[in-house]
Each structure stands twice: as structure tokens, then as C-alpha cells.
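Take a look at the structure set out below.
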Amino acid sequence: MKVLIVDDEVIIRTGLSTVIDWEQNGFTILEPASSAEEALQRIPAEHPDIIFTDIRMTGKTGLDLIREVKKNCPDTEWIIISGYDEFAYAQQAIREGVSEYLLKTSRPDEIILAALRAKDRLEKRKQKDQLGWEKDRMLNRSFLRSLLSAASGPDEEAACELWERYPELRPEQNGLMQIWLVSAEDDGSKGRSQDALYASVGSLLQETLTCEWLPWHESLLLLVHVQAAAAGWNAVEQALRKAGDKLECRLFAASGRGVDDALLLRDAVETAAAAKSYAWLLGNPGIIRYEDIKGRKGCRAICSHAEETALSALLKAGEEESLRSWITDVAARLQKDEHATPATASAYLHSLLLAGHRWLERAAASIGLSRPLPDTEEAGRLHLAADPRPELCRRFKSMMDQYRMMVADRTPVERAISYIHEHLEQSLSLGEVARHVHMHPNYFSEVFKRETGQNYIEFVTQARLRQAMVLLSETPAKISEVAKRIGYEDIKYFNRLFKGFTGNTPSEYRKKAENNPPTG
């Protein structure tokens with residue numbers, strides 16, 4: 001905090017500036033001024049926070065100095081240090097807003113204490129001003145978010161309130177408002193959160209643009225005032241480049257239609273969102289303008305029979321590298337289509353996924369299996385905000401894997417038996433196991449009995465009881481724990497089943513096993 005001493009007596013101003021240890025108490029002492037006139041010339045450039053001044057000096061008085069400086073620097077703290085202990089002087093100084101009145105005979109500790117009190121008052125005022133500014137900014141942004149999020153555009157009352165809160169954004173003659181949606185990415189090396197990154201981007205943009213910003217659906221919304229559309233685009237693009245360079249991050253931005261009326265701001269937001277949705281289709285450029293994509297009519301939304309046949313051959317062959325290459329070619333064709341839109345491109349890719357599902361269902365039906373894809377997520381529509389190629393690869397690879405499993409050397413019954421032994425503690429309904437091997441329950445039941453010679457319930461029961469025999473003979477687990485580990489909560493029911501299968505109760509079986517350990 002900077003301190004300036006103004007006194008026409010050289011001994012006083014030199015003594016005050018050198019005898020007191022200003023730096024140790026957190027002050028920077030400026031070169032003292034020998035008159036009010038000299039101080040008036042220097043204050044605009046040096047910006048002192050606290051000024052010590054005499055009242056009676058050659059030329060303008062200290063009170064004249066206070067009155068003139070207060071016009072442009074109302075927050076400056078003033079401390080009178082006078083050789084006159086007169087009540088009239090003190091009264092006049094207080095009327096001029098002076099906080100302290102000291103005599104030149106005051107001790108150094110009294111002077112530094114006065115300066116510290118002035119410093120404390122300044123800091124409290126700044127803190128209060130900052131809190132007030134932050135509160136106003138939060139209220140303004142909350143209002144702006146509500147206005148832009150509304151299902152319909154603002155009414156006249158809301159528009160008037162917008163200009164009361166943001167008068168600098170109101171378009172003048174030939175002026176426009178633009179909505180920009182900005183996304184930011186960095187490599188994570190700086191350890192900053194996404195919110196902190198967006199706050200830094202917004203603050204830097206406000207240094208060069210007449211704008212307001214606020215977080216908006218995992219991006220940053222920018223409301224910009226410009227004199228003309230083209231000039232606005234250029235100014236924002238330049239500001240974005242500078243911000244990205246300074247923050248060492250990648251910025252992507254999409255602008256909506258420029259509007260000259262607050263009643264049209266909802267349209268500006270929607271067109272900016274529409275432009276942003278083209279990011280991947282346009283190869284992720286740094287800037288997308290709604291004017292550049294608004295004329296697109298859409299691409300073919302359904303895959304052809306030839307494409308469906310080619311996809312089926314790829315999935316059946318099971319070569320992942322060939323599949324990835326084919327998906328890359330499909331994506332490249334979409335990106336080159338000058339009329340492709342996110343909606344039609346997504347519909348086209350969805351038709352390819354459905355074609356893959358149909359092929360897999362036909363392959364399953366040909367070997368007596370039920371519908372192999374019970375998970376409805378697999379048929380979900382792709383979104384093109386990001387690169388769809390990894391998701392397409394994941395889904396088609398899943399189809400490849402299911403087909404590979406269907407035609408593997410192991411029969412469905414063999415796979416079912418493995419599943420049963422691995423999940424003896426679970427309910428293991430016939431329908432659950434049938435779904436695991438992608439077979440209709442009735443058909444699975446017939447095939448299971450034909451290949452094992454037992455019906456499903458008999459097989460599962462005996463598998464569980466054999467596992468119980470192992471646990472009873474090889475572990476110290478309680479009988480109730482053994483029952484639970486093979487899927488039986490009712491201990492009496494377990495005991496009855498076990499005795500019917502082995503001829504002994506679980507306790508008897510364990511005792512015999514202990515008396516007749518297996519020999520190696």
C-alpha cells in the first residue's frame with residue numbers, strides 16, 4: 001500500500017519518510033511532495049492509497065488538496081499532520097473526510113498506528129466492494145441463464161431488465177448480438193479444473209470483447225456485442241486464438257445467428273447449438289458459423305442393400321482391422337458430403353447398426369438360437385458431437401464376438417454347464433442360463449436333456465450337492481454356510497436333499513469323510 005507525505009517543511013517531510021520503518025509495516029513510501037501543487041501533478045500517475053498532508057502550506061492548503069483529489073480518487077485515505085492543535089482545523093478536516101488528525105509532535109508509533117488504521121479501512125472497503133460486485137455479477141448471470149434457458153424467447157419486460165443489467169451489450173444502430181458456445185480442452189498438465197479453465201477463458205475474452213460469459217452445458221456461453229456480423233466474427237476469432245495461446249489450451253467455438261433484438265436471443269442460442277453439433281462432421285475446425293451450415297439439406301439416412309451385404313461379410317469374417325478400415329471409410333464419406341447434417345448422418349449410422357443386428361439374428365436363428373441381443377442399449381442412436389468411429393467399432397466388435405461364440409467348437413449345452421458350475425450360489429433359473437447361451441428356454445431345455453440325459457433341474461441340483469460334498473469334506477465351513485454357498489437358504493431343505501442324494505445327513509457325511517481321508 002503506497003503512502004505519500006505532503007509538507008512544505010523539508011525537515012518534516014524528510015523526517016516522516018525516513019525515521020519510520022514503513023516497509024516493515026507493509027507500506028511503500030513515495031517520494032515526499034513539497035506542496036499541494038506538486039502532489040496534484042503526481043497523484044494521477046502514482047496513485048497513493050494514503051496521504052499525510054499539512055493543512056497550512058505555501059500556495060494551496062492541505063484542505064484544498066483534499067477537495068481536488070477527492071473528485072477523482074474518493075477512496076483515498078487522508079491523515080492530517082499539522083503543527084496547529086486547533087479545534088477549528090480539526091472540525092474542518094473532518095468535514096472534508098479526513099480520518100485522522102495528528103500533530104507534528106506525535107511519536108513515530110502514533111503515526112504508524114494511524115497509517116495502519118487507514119490501511120485497515122481501505123482493505124475493508126475493498127473487500128466490501130468486491131463482495132458486492134461478485135454478488136451483482138452472480139445475480140446478473142443467474143438472470144441471463146434463466147432468460148436464455150427459457151423455452152420461449154424473452155418478453156418486453158425481460159428485455160428491458162436485460163439492458164438494465166447489461167447496458168453495454170445493447171445493440172446500437174446497425175449493431176448485433178451474437179451467441180457463441182465455446183469448448184476448451186487442455187492436456188491436464190496444469191492441474192486446473194474444467195470450471196477454472198472456462199473462467200480463465202471468459203475473463204481473457206472480456207479483456208478484448210464487449211461481452212458476458214457464463215458456464216453452459218459443459219461449455220462456455222458468450223454473449224457478444226458487435227457493430228456488424230463479419231466484424232464480430234473476426235474479433236471473436238482473434239480473441240479466441242489469443243486466449244487459447246495464452247492458456248495453452250485448445251478452443252473450439254460455434255456462433256449462432258446474429259440478432260439485433262433481445263426478443264430473438266433464443267434463436268441465437270439455438271442456432272449456436274445447431275452449429276456446434278456439426279463439430280465432427282466438419283472435421284473439428286476451430287470455428288463454426290451457423291451461416292456456413294444453415295443451407296444443408298441432409299444426406300441419405302438409410303444404408304443400401306449393398307452396404308448391408310458388405311457389413312455382413314465383414315462381421316462374419318471376424319477381422320477387426322478390416323472392420324475398422326471399413327468404418328473409417330464410411331465416416332470419411334459422411335464428412336465429405338456437403339449436405340450431411342448431424343440428424344441424417346446419425347440416422348444413416350443407426351441404419352448400419354440395425355443391419356448388423358438383423359444379420360446376427362438371422363445367423364442365430366439358423367442354428368436354433370433365440371434373439372442374441374437382449375440389451376436395448378446396443379440399438380441406441382449415435383450422437384455426432386464427438387467422433388462416432390470408436391463407438392461403431394465397439395458395437396460391431398460385440399456382434400463379431402457374439403457370432404464367434406455362437407459358432408465356436410463348444411456346444412451351447414457345454415457352455416451352459418460351465419456357467420452353471422461357476423454360478424452355483426445364484427438362482428440359476430432355466431431362463432437365465434438359456435439367455436446366457438442365446439437360446440430359447442423351451443428349445444434349450446430339450447437340447448440340454450438330450451445331451452446330458454437329465455432334465456435341467458436334476459442336473460443343477462446334483463451339481464450343487466456334489467459341490468456341497470467337496471465343501472463338507474475339504475473345508476471347516478459350517479453346514480449353514482455350505483448350504484448358502486451352493487444356493488440354498490433353507491437349511492432343512494438342504495439337509496433333506498443332501499440325505500436323499502448321499503444317504504447321509506451333512507453332519508454324518510463330514511464325520512465319515514474325516515474318519516476316512518482320501519489316500520494319495
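Computation of the quantities below employed the complete heavy-atom set of this structure, encompassing side-chain atoms and omitting hydrogens, waters and symmetry-equivalent molecules.
- Although no hydrogens or angles enter the test, the distance criterion places no donor-acceptor pair under 3.5 Å between the side chain of Ser351 and the main chain of Ile302.
- Between the side chain of Arg145 and the backbone N or O of Pro215, at least one donor-acceptor pair lies under 3.5 Å.
- Judged purely by atom type and a 3.5 angstrom limit, Thr309 uses its side chain to pair as donor or acceptor with the backbone of His305.
- A donor-acceptor pair under 3.5 Å is absent between the side-chain atoms of Thr208 and the main chain of Ala239, judged by distance alone.
- A donor-acceptor pair under 3.5 Å is formed between the side chain of Ser312 and the backbone N or O of Glu308.
- Residues Glu321 and Arg324 are paired through a salt bridge, judged by an N-O separation under 4.0 Å between the basic side chain and the carboxylate.
- Distance NZ/Lys246 to OG/Ser200: 10.0 Å, rounded to 0.5 Å.
- Rounded to the nearest 0.5 angstrom, Phe494 CZ and Leu465 CG are separated by 6.5 Å.
- Partners of Ser322 according to the side chain to side chain donor-acceptor pair (under 3.5 Å) rule, which considers only residues two or more places apart in sequence or in another chain, are Glu319.
- A donor-acceptor contact shorter than 3.5 Å links the side chain of Ser219 to the backbone of Trp216.
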Mind running side chain to side chain contact (heavy atoms under 4.5 Å, CB included) on Leu205 and Trp180 for me, showing each step along the way? CA-CA 12 Å; Leu205 294 176; Trp180 289 75; over 6 Å; no
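- Note on Arg333 versus Glu307: salt bridge recorded, some NZ/NE/NH1/NH2 to OD/OE distance being below 4.0 Å.
- Ion pairing between Glu270 and Arg266 holds under the 4.0 Å rule for side-chain N and carboxylate O.
- Ionic pairing of Asp120 and Lys124 is present here: one or more N-O contacts between side-chain nitrogen and carboxylate oxygen are shorter than 4.0 angstrom.
- Salt-bridge formation is detected for the pair Asp401/Arg404: a Lys NZ or Arg NE/NH1/NH2 atom is positioned less than 4.0 Å from an Asp or Glu carboxylate oxygen.
- Aromatic ring orientation, Tyr403 versus Trp359: tilted (interplanar angle from 30° to 60°).
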Would you please test Glu123 and Met1 for side chain to side chain contact (heavy atoms under 4.5 Å, CB included) and show each step? CA-CA 10 Å; Glu123 289 175 343; Met1 204 161 275; 4.0 Å; yes
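- Lys511 and Glu514 are not joined by a salt bridge, as no carboxylate oxygen comes within less than 4.0 angstrom of a charged side-chain nitrogen.
- Ion pairing between Glu248 and Arg192 fails under the 4.0 Å rule for side-chain N and carboxylate O.
- Distance alone, capped at 3.5 Å, places no donor-acceptor pair between the Gln426 side chain and the Gly487 backbone.
- With values rounded to the nearest 0.5 angstrom, Thr341 atom OG1 is found 14.0 Å from Tyr348 atom OH.
- Atoms CZ and CD1, from Phe459 and Ile417 in turn, are 4.0 Å apart once rounded to the nearest 0.5 Å.
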One pair to check against side chain to side chain contact (heavy atoms under 4.5 Å, CB included): Glu185 and Phe252. What are the steps and the verdict? CA-CA 9 Å; Glu185 294 180 358; Phe252 162 78; over 6 Å; no
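- Between the OH atom of Tyr419 and the CG atom of Leu428 there is a distance of 6.5 Å, given to the nearest 0.5 Å.
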Report the C-alpha separation of Glu432 and His423 in whole Å, then their side-chain angles, then the decisive distance to 0.1 Å, and conclude whether the side chain to side chain contact (heavy atoms under 4.5 Å, CB included) test is met. CA-CA 11 Å; Glu432 177 190 349; His423 300 83; 5.7 Å; no
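- Not one N or O on the side chain of Ser149 forms a donor-acceptor pair closer than 3.5 Å with the backbone of Ser146.
- Atoms CG and NE2, from Leu352 and His350 in turn, are 10.5 Å apart once rounded to the nearest 0.5 Å.
- A distance-only check finds a donor-acceptor pair linking the side chain of Arg296 to the backbone of Ala340 [under 3.5 Å].
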Are Ser189 and Asp187 close enough, and set up right, to give a side chain to side chain donor-acceptor pair (under 3.5 Å), and what steps lead you there? CA-CA 6 Å; Ser189 62; Asp187 58 11; 2.7 Å; yes
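- Ion pairing between a basic and an acidic side chain is recognised when a charged N comes within 4.0 Å of a carboxylate O; Arg165 and Glu161 show such pairing.
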